[in-house]
Amino acid sequence: MERTAYCGQITSKYKEQHVTVTGWVQKRRDLGGMIFIDLRDRFGIVQVVFNSDKNKEALEIAEKIRSEFIISVQGQVIPRAQGQENNELNTGEIEIMAEKVEILSEAKTPAFEISDTADISDDVRLKYRYLDLRRPKMQENLKLRHQVKKVFRDFLDGEEFLDIETPYLTKSTPEGARDYLVPSRVNQGKFFALPQSPQLFKQLLMSSGYDRYYQIVRCFRDEDLRGDRQPEFTQVDIETSFMEKEDIQSMIEKLLVRLVKEVKNVTIKAPFKRLTYKEAMERFGSDKPDLRFDMELIDLNTIAQESSFKVFSSALENGGMVKGLTVKGAAKQFSRKNIDALESIAKIYGAKGLAWMKMTEEGLTGPIAKFFKEGDTGSKLVETMDAEDGDLLLFVADNKNVVYDALGALRLHLGKELNLIDESELAFAWIVEWPLLEYDEEAGRYNAAHHPFTKPVEADIEKLATEPENVMADAYDIVLNGYEIGGGSIRIHKRALQEEMLSALGFSKEEAHKQFGFLLDAMDYGFPPHGGIAFGLDRLVMILAGENNIREVIAFPKNGKAMDPLTDAPSVVSNDQLIDLGLRLKDKETEAE
């Protein structure tokens, strides 16, 4: 029986027609002499009726059917009895009166109910991912992922971009996270690396005259996992020659406006808000701020200098800062126990503690209020923090990074806990004017804030050798609802500047040529000005789907330990395979000694 229609597409327009449908049995109800089956495919559910008066043979087969059996049904589409309609289904006005049925595949009782409301642990879901992917929500998420990719492809094709693949087996280069390494059997003792991104190859494509390149590509990073990270992820990689930063940003805004309209039917406006890196950190404590709610960080250095509270003054003396948050109307909601829980969050980010006060009709109250009774420090604090009766005031005093990280995390936590966020809003913004380099105290050297191929802004190039900490990057990230969804920059296209950049990162000439010689040599043969951007596809789809973890929009992801419970990967391999590769595993006891 050849399928004539999908289950979820059979609406009242099919009335009186004969159809053939196939799918999985969601539910079976035996009423004696009549059996109802909810039949499911990726488009939805349709009700099938087996009636002994209509077809006794079909009813006898239906008596053997159980949940998750795959069946094919032929029958006539008829209206449901009056009062029996189901307004929650597209197919709720009709049902199929079965005339013929065939069991195509039987099924064991599944490990969990195939339902969006079933309570299933993450590892069980991943172990039986083929069952989990049958759930309507998962099928909608992967359909959304497909639609997002299609819009990217259609838009970029319309802008004359070429889809070009780059290698998966490539050279290990120091670009940030750890590489996944692949030992070579043919060249024993040597290793390929799986790409963290196609960065160097897309730049080489620019040198080859392919001035508009894109690729929806798998990338690999061996780093600690969290809700918006996976060891293998998908990137929409875009690179173009002869375009300035503003041109690239304008093009990307057009793309995202179209994307959101087509997949969510939501209209967003361009140009997007632009914040400098410094402004984002000072106002929100994050380089990927969630702009869907207020509650900004407040600078309190001047008031802290005037107060007698030593925690504040000591932080300033040690080159740190003091900032606070005003949590409007939250004083009564937060007991001492609740505030201790907030302090625990702040400590995760390195804060030694969390100071606090409450604003009442009588004035400031709380453990540190007595330090703001002298002079007019208290009134200045109230004015600066726009504090009103019923507000909770929170403070962190420490070095710059700790203050930003701790208060930025608290701001996000409070935004969610107090329901300050409009979940339907999509708040896009560009973060610009990034520092080119970041100093690593432990390593005693500079690291690239983005990657080693980001161009400094023209005005700062001369500072690269003398004051690298003050050099700004010609870079731009795009953020959405508290996540970085894309990062880009104008790239270095002249060998002398690229060598100077690598020198600032601590590479000798010999090391630079060993690691990046193929790129440096290519710059001797006519390398165009170019730039681009890369989107984290998984993260973008996660946000559009309203999920909190990218596992929900990836067909076969890894768990939080970078393992796959479905296939039990990574797994032990045979000794013969290791011998082929010229490898030998260390004995654990010997290694411990």
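No hydrogens, no waters, no symmetry mates; every other heavy atom, side chains included, goes into these values.
Residues Phe428 and Ile485 are in side-chain contact: their nearest non-hydrogen atoms beyond the backbone lie under 4.5 Å apart. Between Asn141 and Val541 there is no side-chain heavy-atom pair separated by less than 4.5 Å. At least one side-chain heavy atom of Ile492 sits under 4.5 Å from a side-chain heavy atom of Lys455. Within the 4.5 Å cutoff, the side chain of Val25 has heavy atoms near those of the Leu39 side chain. Contact annotation: the side chain of Thr170 approaches that of Phe201 to within less than 4.5 Å [non-hydrogen atoms, C-beta and beyond]. Between Phe518 and Lys171 there is a side-chain heavy-atom pair separated by less than 4.5 Å. Contact of the Ile431 side chain with the Pro289 side chain is registered, since non-hydrogen atoms from C-beta on lie closer than 4.5 Å. With contacts defined as side-chain heavy-atom distances shorter than 4.5 Å, the pair Lys202/Tyr210 does not qualify.
Remark: Glu232 engages Arg218 in a salt bridge, criterion side-chain N to carboxylate O under 4.0 Å. Looking at Arg125 and Asp132, a side-chain N of the basic residue comes within less than 4.0 Å of a carboxylate O on the acidic one, giving a salt bridge. Salt-bridge formation is not detected for the pair Lys150/Glu262: no Lys NZ or Arg NE/NH1/NH2 atom is positioned less than 4.0 Å from an Asp or Glu carboxylate oxygen. A salt bridge between Lys64 and Glu106 is absent, with no side-chain N of the basic residue lying under 4.0 Å from a carboxylate O of the acidic one. A salt bridge between Asp422 and Arg292 is absent, with no side-chain N of the basic residue lying under 4.0 Å from a carboxylate O of the acidic one. For Asp224 and Arg229, the salt-bridge test fails: no basic side-chain N is under 4.0 Å from an acidic carboxylate O. Between Asp477 and Lys288, no side-chain nitrogen of the basic residue sits less than 4.0 Å from a carboxylate oxygen of the acidic one, so the salt-bridge criterion is not met.
From Leu544, atom CG reaches atom CG of Leu540 across 4.5 Å, with rounding to the nearest 0.5 Å. The CD atom of Glu425 sits 9.5 Å away from atom CG of Leu480, with the distance rounded to the nearest 0.5 Å. Rounding to the nearest 0.5 angstrom, the gap separating the CG atom in Leu426 from the CG atom in Asn481 is 5.5 Å. Here the straight-line distance linking atom CG of Asp290 with atom CG of Leu420 works out to 10.5 Å at 0.5 Å rounding. Atom SG of Cys219 and atom CG of Leu194 lie 10.5 Å apart (nearest 0.5 Å). Expressed to the nearest 0.5 Å, how far CG of Leu162 lies from CD of Glu239 amounts to 13.5 Å.
The aromatic rings of Tyr6 and Phe43 are tilted relative to each other, their planes meeting at an angle between 30° and 60°. Using the six-membered ring where Trp is involved, Tyr130 and Tyr128 have ring planes that are perpendicular, over 60° apart on the 30 and 60° scheme.
Side-chain contact of Asp538 with Gln230: a donor-acceptor pair under 3.5 Å is absent, judged by distance alone. No donor-acceptor contact under 3.5 angstrom links the side chains of Ser197 and Gln235, judged on distance only. No side-chain donor from either of Thr20 and Arg3 sits under 3.5 Å from a side-chain acceptor of the other. With hydrogens and angles left out, the side-chain atoms of Ser571 and Asp568 include no donor and acceptor closer than 3.5 Å. At a cut-off of 3.5 Å, with distance as the only test, no side-chain donor of Gln249 or Glu253 sits close to an acceptor on the other residue. For the 3.5 Å distance criterion, the side chains of Ser286 and Arg411 fail to qualify, holding no donor opposite an acceptor.
Applying the side-chain hydrogen bond (donor to acceptor under 3.5 Å, both in side chains) test between Arg134 and each of Glu68, Gln26, Gln139 identifies Glu68 as the sole match.
Between the side chain of Arg129 and the backbone N or O of Ala555, at least one donor-acceptor pair lies under 3.5 Å. In this structure, Gln147 contributes its side chain and Leu259 its backbone to no donor-acceptor pair below 3.5 Å. Looking at Asn187, its side chain never comes within 3.5 Å of a backbone N or O of Lys190 through a donor-acceptor pair. A distance-only check finds no donor-acceptor pair linking the side chain of Asp564 to the backbone of Ala569 [under 3.5 Å]. A donor-acceptor pair under 3.5 Å links the side-chain atoms of Thr240 to the main chain of Asp211, judged by distance alone. No side-chain donor-acceptor contact under 3.5 Å links Arg185 to the backbone of Asp580. Put simply, the side chain of Asn559 gets close to the backbone of Lys561: a donor and an acceptor are under 3.5 Å apart. Side-chain N or O atoms of Arg274 include one that pairs as donor or acceptor with a backbone N or O of Phe272 at under 3.5 Å. The closest donor-acceptor contact from the side chain of Gln577 to the backbone of Ser574 lies under 3.5 Å. Between the side chain of Thr91 and the main chain of Ile45, a donor-acceptor pair closer than 3.5 Å is present.
Remark: Lys137 NZ is packed, more than 12 non-hydrogen atoms of other residues, nucleotides or ligands lying under 6.0 Å away. Counting non-hydrogen atoms of neighbouring residues, nucleotides and ligands closer than 6.0 angstrom, the CD atom of Glu63 exceeds 12 such neighbours. Other residues, nucleotides and ligands contribute over 12 non-hydrogen atoms within 6.0 Å of the OH atom of Tyr180. Remark: Asn447 CG is packed, more than 12 non-hydrogen atoms of other residues, nucleotides or ligands lying under 6.0 Å away.
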task = Under the salt bridge (charged side-chain N to carboxylate O under 4.0 Å, His left out) rule, what do Arg539 and Asp228 come out as? Steps first, then yes or no, please.
result = CA-CA 6 Å; Arg539 200 174 290 174; Asp228 62 341; 3.4 Å; yes
request  = Please report the C-alpha distance between Asp157 and Tyr214 in whole Å, then the side-chain angles of each, then the deciding distance to 0.1 Å, and finally whether the side chain to side chain donor-acceptor pair (under 3.5 Å) criterion is met.
outcome  = CA-CA 9 Å; Asp157 184 65; Tyr214 86 96; over 6 Å; no
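Tyr14 meets the ring-ring contact (aromatic ring centres under 6.0 Å, His included) test with no other residue; sequence neighbours excluded.
Here the closest non-hydrogen pair linking Val21 and Ala5 is CG1-O, 3.6 Å. Counting all heavy atoms, side chain and backbone alike, Leu410 lies closest to Ala346 at CD1-CB, 4.1 Å.
Applying the ring-ring contact (aromatic ring centres under 6.0 Å, His included) test to every pair with at least one member in residues 530-561, sequence neighbours left out, gives these pairs: Phe152-Phe535, Phe527-His530.
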